[in-house]
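Heavy atoms only: backbone and side chains are in, while hydrogens, waters and symmetry mates are out. Bear in mind that the values here come from a model prediction, so they are computed numbers and not experimental data.
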Amino acid sequence: TSEEREWGMGCTASLAVFAELTGPFHIVEQLVARVEGSEGGESRGMAWALGRLAHLAALSGRGALSSRLYEQALRISRRTGDSSGEGFWLGNLAGRFHSDGDPEGARELYTEALEIARQLGDSRFEGIWMGRLGSLERAQGNATESKRLYEGALAIARQLGDLRAEGRW
């Protein structure tokens, strides 16, 4: 099908980027196995593979490539109706915007990711996106809003019994 061809082309391109970033071929083989074994279908698996590659690109200092890959993962998640993935990639793309000096773009995307987490009843990511918004507001000098968001993220962390997140916020 055309979706399978699209997935194959996307996977090949992603693996080429991954190989360029990391070098060792055995890691590429592991990625292929993970994508092919994805339970959510090829397109959903491809979105997650692209998103993981975006993370590696960010870690290697390739912000523009990272943003492009997150945007591709986001498009696939939206097209396939994967709301959880959509929220996750929105939040990660917001982090890129923040790192790239676009606080308004980051705020918009974090807010959208937060709304999706709330709609899905995903308290963990609701807390994460609230905390990241708090960090953004703090960096912008908005102490009152930052405090409100951090307190919300902290309350969620405590409700979930997530000591790591509790320590973060």
Side-chain angles (χ1 to χ4, degrees), residues 10 13-14 17-18 20-23 27 31 34 40 43-169:
S14 297
V17 170
F18 188 84
E20 179 185 336
L21 293 172
T22 63
I27 296 172
L31 177 64
R34 178 167 285 169
S43 291
R44 183 169 188 249
M46 189 63 209
W48 286 94
L50 287 165
R52 294 301 177 215
L53 292 170
H55 182 70
L56 290 171
L59 291 175
S60 71
R62 297 176 181 180
L65 175 59
S66 176
S67 293
R68 192 179 86 235
L69 293 170
Y70 279 137
E71 287 169 355
Q72 289 175 10
L74 177 59
R75 273 194 300 276
I76 291 170
S77 290
R78 284 180 169 159
R79 194 179 74 239
T80 60
D82 177 14
S83 297
S84 177
E86 180 181 357
F88 188 74
W89 304 127
L90 279 165
N92 281 276
L93 187 56
R96 290 289 339 133
F97 277 50
H98 190 189
S99 295
D100 292 343
D102 182 358
E104 291 307 315
R107 184 178 291 110
E108 182 180 320
L109 294 176
Y110 277 139
T111 301
E112 201 173 335
L114 176 59
E115 183 57 35
I116 289 171
R118 286 177 174 155
Q119 288 172 1
L120 295 174
D122 187 339
S123 298
R124 180 173 173 261
F125 275 101
E126 180 180 357
I128 289 170
W129 304 138
M130 285 182 82
R132 299 253 178 102
L133 271 166
S135 296
L136 176 70
E137 294 299 340
R138 184 190 62 199
Q140 295 300 301
N142 302 326
T144 302
E145 182 63 5
S146 176
K147 181 180 180 209
R148 182 187 74 76
L149 289 161
Y150 278 147
E151 287 174 347
L154 179 59
I156 290 170
R158 286 181 173 155
Q159 177 186 20
L160 296 174
D162 185 344
L163 297 176
R164 204 162 107 197
E166 189 174 338
R168 185 180 318 126
W169 312 126

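- For the atom pair CZ (F97) and CD (E108), the distance works out to 8.0 Å, reported to the nearest 0.5 Å.
- The backbone N or O of R107 lies less than 3.5 Å from a partner atom in the side chain of T111, making a donor-acceptor pair.
- Residues Q72 and M46 have side chains not in contact (no heavy-atom distance under 4.5 Å, counting atoms from C-beta outward).
- A 4.5 Å side-chain heavy-atom check between L90 and R78 finds at least one atom pair inside the cut-off.
- Under the side chain to side chain donor-acceptor pair (under 3.5 Å) criterion, D100 pairs with R96, sequence neighbours left out.
- Although no hydrogens or angles enter the test, the distance criterion places a donor-acceptor pair under 3.5 Å between the side chain of T80 and the main chain of I76.
- The distance from the CG atom of L69 to the CZ atom of R52 is 13.0 Å, given to the nearest 0.5 Å.
- A 4.5 Å side-chain heavy-atom check between H55 and Y70 finds at least one atom pair inside the cut-off.
- Rounded to the nearest 0.5 Å, atoms CG (L114) and CG (L109) are 12.5 Å apart.
- The shortest heavy-atom contact between G101 and P103 is O-CD, 3.2 Å.
- Separation of atoms CG (D162) and CH2 (W169) is listed at 10.5 Å; rounding is to 0.5 Å.
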Yes or no on side-chain contact (heavy atoms from CB on, under 4.5 Å) for E86 and E112, after CA distance, side-chain angles and deciding distance? CA-CA 10 Å; E86 180 181 357; E112 201 173 335; 4.3 Å; yes

Stepwise, does the salt bridge (charged side-chain N to carboxylate O under 4.0 Å, His left out) test hold for E145 with R148? CA-CA 5 Å; E145 182 63 5; R148 182 187 74 76; 2.6 Å; yes

For residues 123-133, which side-chain N or O atoms pair as donor and acceptor with protein atoms under 3.5 Å away, sequence neighbours left out?
unit_1, atom_1, unit_2, atom_2, d
E126, OE2, R118, NE, 3.0

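- Using a 4.5 Å cut-off on side-chain heavy atoms (C-beta onward), F88 and W48 make contact.
- A side-chain donor-acceptor contact under 3.5 Å links S146 to the backbone of G134.
- Here S135 pairs with Y150 under the side chain to side chain donor-acceptor pair (under 3.5 Å) rule; sequence neighbours left out.
- Counting only heavy atoms from C-beta outward, the side chains of L163 and E166 approach each other to under 4.5 Å.
- Heavy-atom minimum distance, G91 versus Y110: O-CE2, 3.3 Å.
- A pairwise comparison of heavy atoms in A73 and A47 identifies CB-O, 3.2 Å as the closest pair.
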